[in-house]
Number of protein chains: 2
Amino acid sequence: MTRRIPASTIRRLSHYLRSLEDLEASGDETVSSEELALRGQTTAAQVRKDLSHFGSFGKRGLGYRIEELSARLRQILGVDRVWKVALIGAGRIGSALFEYPAFESRGYECVAIIDSDPAKIGTYWSELQIHGPDDLESLLAELGVELVILAVPARAAQEMAERSVRAGIKGILNFAPIRLKVPRHVPVEDVNLVMELEALSFAITQHGSEP
Amino acid sequence: MTRRIPASTIRRLSHYLRSLEDLEASGDETVSSEELALRGQTTAAQVRKDLSHFGSFGKRGLGYRIEELSARLRQILGVDRVWKVALIGAGRIGSALFEYPAFESRGYECVAIIDSDPAKIGTYWSELQIHGPDDLESLLAELGVELVILAVPARAAQEMAERSVRAGIKGILNFAPIRLKVPRHVPVEDVNLVMELEALSFAITQHGSEP
DNA sequence: CGCCGCTTGTGAAATCCTTCACAAGTTAGG
DNA sequence: CCTAACTTGTGAAGGATTTCACAAGCGGCG
């Protein structure tokens, strides 16, 4: 049942999980693929196909038990546990992420902040002291950091990524607008705001010319 | 030549544009699809197919004239002009975006900031005064805002989106973790950090179990 | 208990996207 | 002018993802 999973399926799984959490709050017991599809901007067949990659969690005639399916999705997405995160780069984006409410509430725990600005090193964000980049490797290794959020300028990103990998981290969320070169076993997820804006202006421009 | 364009093509076009800008700086005159592919984590055939959706910009045997192709890409992506942007939500994410250097330098001009926090209304970010949400429609319409960056909490997002659409805006970059319901002619680009983190933890988890 | 209405899980078909392969255009050089 | 070395643009092939369509399982009710 589990072969290579399309990236689009994973994105939708995240959506389904969010919808299930809403439904959980509203007291229902079960949900059909039809309703999940409605909330997720997709089709019932797509929902069932997505889930079928990982097993069969529903009951014919009834639908999916909400509590069970959300637990299962959390497991599949790997968010049924707490991830230790280091934030590298304590600039604007870093601070925005640090204060992002969904962040901690969803099992991502920031255990280290690193920045190269001497004015910031030694100061505190909440309980966390900001470290300089010198002892990055040992710091990450000692704290058991698994996941790094890279929010540094493009020119520093590759070096920080390499050093994080050397410290044994398992994945990178990258905000720098460059393609990081890392070993194949370290997944990188890119967030590129300029790209999103360009996709938007393309869509708008396109729309005008072809209704 | 121009039918429905894959979203992945648009993302790659953004990449090519960035590579071309690097190349422009380094003084070369032309570039081959091969080299563009190298820098973009794709293949030469893909580069040519992507470009062929919009016309033929190269010369056989020579490649693409860098200056010409980047101008053409800017036109295709709709960034050969300045977009007037309003920032709705002056919290952490809003401030990070406002200060994002690539932002202004790429033709996005923030002409209004709106927030509902009474403590912020009336204060200034750089030269821009923060407005309350009451006169949102007239403000956006008067300034000729075309593009809205929505960086407000989920519960406020739908209302702000609807009011922006009523003010005549043409597209939304949405940071709120909900699916906005807007008329079909208004493109929405979603940036969902939780989703990115979940994709990452899935990839890591997956990796452990299936090498 | 048997039938009905509902909903899943899944092969098969259709659609969408990427890769291949090559004819044809371009420049350089003799 | 002719050949060699490159490189594009593009049909056709191949692969991946989505949609379709339906057999099969489940619960409720008479």
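Keep in mind it's a predicted model, so treat the numbers as computed, not measured. By convention in this document, chain letters (A, B, ...) are assigned in the order of the sequence lines, proteins followed by strands, and residues within each chain are numbered from 1. When reading the values below, keep in mind they use all heavy atoms of this one structure, side chains included, and skip hydrogens, waters and symmetry mates.
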Chemist: Name the orientation class of the two ring planes belonging to B:F54 and A:F202 (parallel below 30°, tilted from 30 to 60°, perpendicular beyond 60°).
Modeler: perpendicular
Chemist: Please report, rounded to the nearest Å, how far the P atom of D:dT7 is from the CD atom of B:E35.
Modeler: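 Going from B:E35 (CD) to D:dT7 (P), I get 10 Å.
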Chemist: Taking all non-hydrogen atoms of both residues, which atom of A:S164 and which atom of A:L136 are closest, and how far apart?
Modeler: N-CD2, 3.9 Å
Chemist: Rounded to whole Å, how long is the line connecting atom CZ of B:R48 with atom P of C:dA21?
Modeler: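 In whole Å, C:dA21 P lies 13 Å from B:R48 CZ.
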Chemist: Quick one: on DNA chain D, does A:K59 or B:S32 contact a more 5' nucleotide (nearest heavy atom)?
Modeler: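 Residue closer to the 5' terminus by nearest nucleotide: B:S32.
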Chemist: Testing B:V191, B:L97, B:I88 for side-chain contact (heavy atoms from CB on, under 4.5 Å) with B:I149, which one passes?
Modeler: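 One option only clears the test, and that one is B:L97.
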Chemist: Between B:L62 (CG) and D:dG9 (C1'), how many Å, whole number?
Modeler: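 The distance from CG of B:L62 to C1' of D:dG9 comes to 15 Å, rounded to the nearest Å.
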Chemist: How close or far is atom C1' of C:dT26 from atom CZ of B:F57, stated in whole angstroms?
Modeler: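 So the CZ-C1' distance, B:F57 to C:dT26, works out to 19 Å.
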Chemist: If only side-chain N and O atoms of A:S33 are considered, is one of them under 4.0 Å from the OP1 or OP2 phosphate oxygen of C:dT8?
Modeler: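 Answer yes for this pair, as a side-chain N or O of A:S33 is under 4.0 Å from OP1 or OP2.
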Chemist: Nearest whole Å is fine: how far is C:dT8 P from A:R65 CZ?
Modeler: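 One finds 14 Å between P of C:dT8 and CZ of A:R65, rounded.
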Chemist: Would you tell me if any nitrogen or oxygen in the side chain of B:Y64 comes within less than 4.0 Å of OP1 or OP2 on D:dC6?
Modeler: no
Chemist: Need one value for B:T42: base, sugar-phosphate or nothing, where a base atom within 4.0 Å counts as base even if backbone is also close, heavy atoms only.
Modeler: nothing
Chemist: Looking only at heavy atoms, which two atoms of A:T205 and B:G78 are closest? And how far apart?
Modeler: OG1-CA, 3.6 Å
Chemist: Should A:S52 be listed as having a side-chain N or O under 4.0 Å from OP1 or OP2 of C:dG9?
Modeler: no
Chemist: How many whole angstroms separate atom CD of B:Q46 from atom P of D:dG15?
Modeler: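 Rounded to the whole Å, the gap is 16 Å.
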Chemist: Between atom CD1 in B:I5 and atom P in C:dC17, what is the gap in whole Å?
Modeler: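 Interatomic distance, CD1 of B:I5 to P of C:dC17: 9 Å.
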Chemist: Just N and O in the side chain of B:S8: are any of them under 4.0 Å from OP1 or OP2 of C:dC17?
Modeler: no
Chemist: For B:V31 and for B:K49, find the nucleotide of DNA chain D with the closest heavy atom, then tell me which residue's nucleotide is more 5'.
Modeler: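 The residue closer to the strand's 5' end, by nearest nucleotide, is B:V31.
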Chemist: Measuring from the side chain of B:S56 (C-beta onward, heavy atoms only), which nucleotide among D:dG9, C:dT10, C:dT19 has the closest atom?
Modeler: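 It is D:dG9.
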Chemist: On the side chain of A:R60, is there an atom forming a donor-acceptor pair with the base of C:dT7 - under 3.5 Å, no angle test?
Modeler: no
Chemist: Starting at CG of B:L51 and ending at P of D:dT10, how long is that distance when rounded to a whole Å?
Modeler: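 Atom-to-atom, B:L51 to D:dT10, this comes out as 11 Å.
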Chemist: Within this structure, what is the CD-CD1 distance for the pair B:Q206 and A:I5, rounded to the nearest 0.5 Å?
Modeler: 6.5 Å
